[in-house]
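Predicted, not measured: the structure shown is a model, and the values here were computed from it. Convention: sequence-line order gives letters A, B, ...; per-chain numbering from 1.
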2 protein chains.
Amino acid sequence: MYRGPRRGHAWWQGRFRGCGYRLTLPRQAVLDVLSRTSKHLSAEEIYLEVRKINPGSGLSTVYRTLELLVQMGLVFKFDFGDGRARYELIRNTRDKNHHHHHLICINCNRVIDYSEFIREEEELLSKTEKELSNKYDFKIKKHIVQFYGLCGECRKELED
Amino acid sequence: MYRGPRRGHAWWQGRFRGCGYRLTLPRQAVLDVLSRTSKHLSAEEIYLEVRKINPGSGLSTVYRTLELLVQMGLVFKFDFGDGRARYELIRNTRDKNHHHHHLICINCNRVIDYSEFIREEEELLSKTEKELSNKYDFKIKKHIVQFYGLCGECRKELED
DNA sequence: ATTGAGATTGAGAATCATTATCAATAAGGA
DNA sequence: TCCTTATTGATAATGATTCTCAATCTCAAT
């Protein structure tokens, strides 16, 4: 089954060329790191991984690349309230709108992705968005839904 | 009609005493500022207002007081994504759980409070919370729901 | 009143993630 | 090859928040 040009990095390459950008080694490295993990890494963490692939990469470039990727719609940027941004590669191009949400442990900063009730959530959110847009003359671009709490391990740990 | 000891600042005074804290002038000033506005002020903004009431107050103390108030459950602390925290006095002690949510303009940072669909939202959220708590062994403490977009004025402004 | 322990304060230094600066380098087209 | 532009890495700058610390205040016990 032919899958088009989406083998290896050819796909990203195309995306970049289409926007007039170059898919350079430092940028490649950032994409590699993001594509190999399911965690929500910070810029610093990405930088440390990137240096294993391309030791010449600088932190500035990692920041610049992440900004670019977010702006290109390839990466999500999250704020989980611990003072540093977190980044996540957007994997499924098809159902872009079907994004997941997060449970964030306020003790160990672990992040759990979930998609339960996402349909109901999205339904309610879009209904709310429609209503609020009218009432307040406000054009909603995106929403944030996050749950904060304690993961199992931290609960045990703190119950002592 | 007698309203109990909630005249002036006597109420806060009680709250403070009860916790073993003192309701000093610099703290009073922060509470005054917060109680007089419906905006979502930043620490710096609060500081500037506080100095009109009590010119001796320092920025550190404002930060410390805000932290204290949040910890005492008298004030909400929000992050609207513009790099500074925002604070809001919790006014109605009765229905603590009936908190509102926010529309945030990504252009001018205006914040609109809304309570439409809050009931439905809370219903869905609590249902989701229950389910997720079980499935992921995760004790949810709080949630965040925020809408980002463009307010009417900014939309006009940017359509040029 | 006096005292002493502890709470509170303001000024300034320190922190830390992120951005801005800038000269050097690489790449692609004419 | 030459030239314009994109990209880079090192470093400095930024800016909100937190930390430090000596000075001041409060209040209960003497």
Rounded to whole angstrom units, what separation is found between the CD atom of B:Glu67 and the P atom of D:dT17? 12 Å
Tell me the interatomic distance from B:Asp79, atom CG, to D:dT17, atom P, rounded to whole angstroms. 9 Å
Apply salt bridge (Lys or Arg N to Asp or Glu O under 4.0 Å) to A:Lys52 and list each qualifying residue two or more places apart in sequence or on a separate chain. A:Glu49
If hydrophobic clusters are built by linking Ile, Leu, Val, Met, Phe, Trp and Tyr wherever their side-chain heavy atoms come under 4.5 Å apart, do B:Val145 and A:Leu124 end up in the same one? no
Between atom CG in B:Asn109 and atom P in D:dA16, what is the gap in whole Å? 12 Å
Rounding to 10 degrees, work out the angle separating the end axes of the helix from C:dA1-D:dT30 to C:dA30-D:dT1 (five pairs an end). 10°
Looking at B:Tyr63, does any N or O in its side chain come under 4.0 Å of the phosphate oxygens OP1/OP2 on D:dT17? yes
Identify every side-chain donor-acceptor pair in residues 133-140 of chain A under 3.5 Å, counting partners at least two apart or on other chains, and give the distances.
from, atom 1, to, atom 2, distance (Å)
A:Ser133, OG, A:Glu129, O, 2.8
A:Ser133, OG, A:Phe138, O, 3.0
A:Lys135, NZ, B:Glu116, OE2, 2.5
A:Tyr136, OH, B:Glu116, OE1, 3.3
A:Tyr136, OH, B:Glu116, OE2, 3.2
A:Asp137, OD1, B:Arg155, NH2, 3.0

Name all residues meeting the side-chain hydrogen bond (donor to acceptor under 3.5 Å, both in side chains) criterion together with B:Thr24; count only those two or more places apart in sequence or in a different chain, and write none if there are none. none
With sequence neighbours left out, what residues match B:Glu67 under salt bridge (Lys or Arg N to Asp or Glu O under 4.0 Å)? none
Return whichever of B:Arg17 or B:Gly83 has its heavy-atom-nearest nucleotide of DNA chain D closer to the 5' end. B:Gly83
If you look only at pairs with a residue in residues 49-75 of chain A, which of them pass as a ring-ring contact (aromatic ring centres under 6.0 Å, His included), with sequence neighbours excluded? none
Using atom types as modelled, flag every donor-acceptor pair under 3.5 Å from a side chain in residues 72-86 of chain A to any protein atom, sequence neighbours excluded.
from, atom 1, to, atom 2, distance (Å)
A:Asp79, OD1, A:Gly81, N, 2.8
A:Asp82, OD2, A:Arg86, NH2, 2.7
A:Arg86, NH1, A:His40, O, 3.2
A:Arg86, NH1, A:Glu45, OE1, 3.2

Taking 5' to 3' order, which nucleotide of DNA chain C is first and which is last to have an atom within less than 4.0 Å of a heavy atom in chain A? C:dA17 to C:dA27
Contacts of A:Arg17 that satisfy side chain to side chain contact (heavy atoms under 4.5 Å, CB included) - sequence neighbours left out: A:Gln13
Applying side-chain hydrogen bond (donor to acceptor under 3.5 Å, both in side chains), can you list everything that pairs with A:Arg51, at least two apart in sequence or on another chain? A:Tyr47
In whole angstroms, how far is the P atom of D:dT18 from the CG atom of A:Asp82? 13 Å
Contacts of B:Glu123 that satisfy salt bridge (Lys or Arg N to Asp or Glu O under 4.0 Å) - sequence neighbours left out: none
Answer yes when A:Arg110 and A:Glu153 have at least one side-chain N-carboxylate O distance shorter than 4.0 Å, and no when they do not. yes
Can you build the contact string for nucleotides 2-13 of chain D? Use B for base contact, S for sugar-phosphate-only contact, and - for no protein heavy atom under 4.0 Å. ----SSBBBB--
